[in-house]
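Inspection log for the structure reproduced underneath, given as C-alpha cells.
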Amino acid sequence: MTLRLSEEDDRMLTERAAKEHRSKHELAVEAIHGFLTERQRRFDDLLARSLEEDSELLDRLAK
C-alpha cells in the first residue's frame, strides 16, 4: 500500500514522529486504526440507541 500525503501533512507527521521518537509508519497505522474503531463504535452506539428508542415500532413492524 502506498500512502500519498500533502507536503504539509507529511511535514506535520514527520515532526510528530520526531517528537514522539516513533516512526511515521507507526503513527499512521495508529491513526487509521483509531479512526476505524471510533467510527465503528459510533455506529454501534447509534444502532443500539435506535433499536432501544424504536423497539415498539420495530416490534409492530415485525408482526
Side-chain angles (χ1 to χ4, degrees):
M1 180 177 127
T2 301
L3 178 64
R4 291 181 178 84
L5 299 173
S6 68
E7 287 183 25
E8 178 66 10
D9 287 343
D10 185 56
R11 182 190 61 73
M12 289 190 302
L13 183 59
T14 300
E15 289 174 1
R16 173 61 62 94
K19 285 178 185 175
E20 296 187 16
H21 305 288
R22 298 167 67 194
S23 70
K24 294 192 315 184
H25 171 83
E26 185 179 4
L27 292 177
V29 168
E30 184 178 285
I32 292 166
H33 178 76
F35 171 80
L36 295 173
T37 56
E38 176 61 18
R39 178 154 297 193
Q40 185 64 51
R41 185 198 62 76
R42 284 189 282 154
F43 175 81
D44 292 345
D45 289 350
L46 223 127
L47 179 60
R49 189 172 64 220
S50 294
L51 290 173
E52 183 179 320
E53 291 174 359
D54 297 329
S55 64
E56 289 180 30
L57 174 61
L58 293 170
D59 285 341
R60 286 196 314 251
L61 289 171
K63 293 179 182 179

So do the side chains of L58 and R60 get within less than 4.5 Å of each other, counting heavy atoms only? no

Side-chain touch D9/L13, heavy atoms, less than 4.5 angstrom: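 The answer is no; the side chains never approach within 4.5 Å.
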
For residues 17-25, which side-chain N or O atoms pair as donor and acceptor with protein atoms under 3.5 Å away, sequence neighbours left out?
{"residue": "E20", "atom": "OE1", "partner": "R22", "partner atom": "NH1", "Å": "2.8"}
{"residue": "R22", "atom": "NE", "partner": "E26", "partner atom": "OE2", "Å": "3.4"}
{"residue": "R22", "atom": "NH2", "partner": "E30", "partner atom": "OE1", "Å": "2.5"}
{"residue": "S23", "atom": "OG", "partner": "E26", "partner atom": "N", "Å": "2.9"}
{"residue": "K24", "atom": "NZ", "partner": "D10", "partner atom": "OD1", "Å": "2.8"}
{"residue": "K24", "atom": "NZ", "partner": "T14", "partner atom": "OG1", "Å": "3.4"}

Assess whether side chain to side chain contact (heavy atoms under 4.5 Å, CB included) is satisfied between T37 and R39, documenting all intermediate values. CA-CA 5 Å; T37 56; R39 178 154 297 193; over 6 Å; no

How many angstroms lie between atom CD of E53 and atom CG of L46, to the nearest 0.5 angstrom?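 These two atoms lie 9.0 Å from each other.
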
N-O pairing of E38 and R42 below 4.0 Å: yes

Salt-bridge test for D45 and R41: reply yes if a basic N is under 4.0 Å from a carboxylate O, no otherwise. yes

Report whether I32 and L27 are members of the same hydrophobic cluster (ILVMFWY, side-chain heavy atoms less than 4.5 Å apart, transitive linking).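 As far as the 4.5 Å side-chain criterion goes, L27 and I32 are not connected within one cluster.
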
ILVMFWY cluster, L51 and F43 together (side-chain gap under 4.5 Å):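 Result: yes, single cluster for both.
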
Heavy atoms from other residues, nucleotides or ligands near CD of E7 exceed 12 (cutoff 6.0 Å): no

Quick check: are there more than 12 heavy atoms from other residues, nucleotides or ligands sitting under 6.0 Å from CD of E15? yes

